[in-house]
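Note sheet for the following structure.
In the text below, chain A, chain B and the rest are named by the order of the sequence lines, each starting its count at 1. For clarity, every value in this text was computed on a predicted model and none was experimentally measured.
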Amino acid sequence: MFDSSNLKTEKVYSVLELNNTVRRLIRSEFSGYIWVYGEIKDLRMSRNKRHIYFDLIQKHSEADEIVAKVSAAIFEGRKQRIFRRIKETEGVFDLKNDIEVKFLCEVDLYPKNGSYNLIIADIDPVYTLGKLAQNRQKIIEELKKENVFNKNKSLPLSPLILKIGLITAHESAAYHDFISELESSGFGFKVLLRSCHMQGKNTESDIVGAINFFNSSGRDRPDAIIVTRGGGSSADLSWFDNKRIAYAIINSKIPVLTALGHEINVSIADLVAHTALKTPTKAAQFLVENVNEVWNNLENIQNSLLRAVNRFVDGVRLLLERKLNQINNFVSIYFRDHHEDIIKKKSLIFNNVSHFINTELSNILVSSQRINSAASFCFRGQKGELEEKERFVFARVSRYMKRESGKIDDSFVVLGKRSNSILQKAYKDTKFVEEKVNILNPSNVMRRGYSVSYKDNKLVRYSSGLKRGDKLKTVFFKGRAFSRVEKTEGV
Amino acid sequence: MNKKSIEYSKAIEELNKILSDLESENIDVDELSGKVKRAIELIRLCKNKIKRTEMEVKNMMGEFEEELSGDNRE
């Protein structure tokens, strides 16, 4: 059992009396306004949206651990004044979680719930600006010290950027600006969207996650990553003065292009990015221009190729024309030099051949007449049969002659077309044939004094077929004689 | 650099080689038609990569979307 008898008890309080007493003590200690600095957490509006409540916290100087916390309130009456003061800093920051602030405030306690609160009266925006700048400077110095500032910048930009890893809020104005600018180019871009918060507490983890996602994607690995959002205040831009986002960009193996929508201020993300552009539209134009250059380069190569081929073909054509002229000259000189010779040979051949044909024809005609007359003389009764045989013989002979003369004509044509050596050979051959023909021609033999004898119209070759008293008919080169056999010899 | 970009770089390299061969006339007349055909094919391939396909937007679902649907359940 608790025994209070030996404790010295001075006074007994009701809860209200107690709370009022503490309140008095607080008010006497903090008689006027005081400055308090800390970090905003759990920022929220009252149910009627008139007042703002939040916690002001203090973190451990080394670890990310809260060591002290106090509730704070901005009542409706002070709200406008505080917002105006923040706006006067050209919107570099907003009243939002995680920012460091310094407030002018009263300390008070509400007896009804027994907790003490800060009633905010004013803000010192310079403090926050300093803290932001300090934080930013701290990150920049660290990056410089680690010599990683230009790591992403040093990555080669792909020569043909068609696959794009887009980091922005899906369906935002920035998203539509970017996509419609790309679309109007008519190029076959492939955009892989990774929708992210572009402001607020999730910005950091979303963007870091998205950059890492694109870096680890295999088949769909983009040629470049674009981090973009529409215009906003500098306060929104301060989300990109972020160490983890900076390192995600620095460690990305894919070039990261930023376009964070602010015309004047530059975030740390912009500083470490491969290329920092201003707006989503400008980022898209940069990409379109890139592909356009590739396209023009291809056109240039195509035109150069065409010119080179034309030049090449012209060169070859000139060479061929030169050679053709040389051949033409050579041939015409050759023909000029050999023209008369060829004409002479041609007519020689023609004369020889026609002489041969004419001689043969006349011989055959003579023979045919002889046969005709002999036959009509000896075989009057068999005239019809003989005539048939004669026709047969004549037809064969003329067929033979036609064939031969046709062959000769053909040869003549061929010979006419052939070269000098063939002409000469043909000429020699013809000469040979002519000599042969001359030797064999019986009229030539008979001209030299030889004669032919017939018995009963049969040619006599051997004297053994003759006996004394046989009638002989002897044919000379010119004229005939009839005789009787006296004696035979040389059997 | 992804596969397409490497292919493109190689194509450009080959095109420039053919072009310099042609321009220096360091090429046989029998090879000409083959080389020109190859060059035209390469140019066509590159151009097709850039222009033949329609632009495409693909939404890569990430943690953000999962988190959103989580929010909707609350």
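- Neither the backbone nor the side chain of A:Leu155 comes within contact range of chain B; no heavy atom of the residue lies under 4.5 Å from a heavy atom of that chain.
- Counting heavy-atom pairs closer than 4.5 Å to chain B, the top-ranked of the candidates A:Arg307, A:Gln302, A:Arg311 is A:Gln302.
- Partners of B:Val57 by side chain to side chain contact (heavy atoms under 4.5 Å, CB included), not counting sequence neighbours, listed by chain and number: A:Tyr175, A:Ile179, A:Val191, B:Met55.
- Put simply, CG on A:Leu298 and CZ on B:Arg44 are 13.0 Å apart, with the number rounded to the nearest 0.5 Å.
- Residue B:Asn16 touches chain A through its side chain alone, counting heavy-atom pairs closer than 4.5 Å.
- Closest approach of A:Leu305 to B:Ala39, counting heavy atoms only: CD2-CB, 3.3 Å.
- The side-chain heavy atoms of A:Val316 and B:Leu32, taken from C-beta on, include no pair separated by under 4.5 Å.
- Proximity to chain B involves both the backbone and the side chain of A:Phe187, based on heavy atoms less than 4.5 angstrom apart.
- Rounding to the nearest 0.5 Å places NZ of B:Lys58 at 12.0 Å from CG of A:Leu193.
- Atom NZ of A:Lys243 has 12 or fewer neighbouring heavy atoms from other residues, nucleotides or ligands inside a 6.0 Å radius.
- To the nearest 0.5 Å, atom CG of residue A:Leu162 and atom OH of residue B:Tyr8 are 10.0 Å apart.
- The candidate with the highest count of non-hydrogen atom pairs below 4.5 Å against chain B, out of A:Val291, A:Ile301, A:Val309, A:Leu166, is A:Ile301.
- Contacts between A:Val313 and chain B at a heavy-atom distance below 4.5 Å involve the side chain alone, from C-beta outward.
- At most 12 non-hydrogen atoms from other residues, nucleotides or ligands lie less than 6.0 angstrom from CD of B:Glu54.
- Residue B:Ile40 holds its CD1 atom at 8.0 Å from CG of A:Leu306, rounded to the nearest 0.5 Å.
- Rounding to the nearest 0.5 Å places CZ of A:Arg194 at 8.0 Å from CE of B:Met60.
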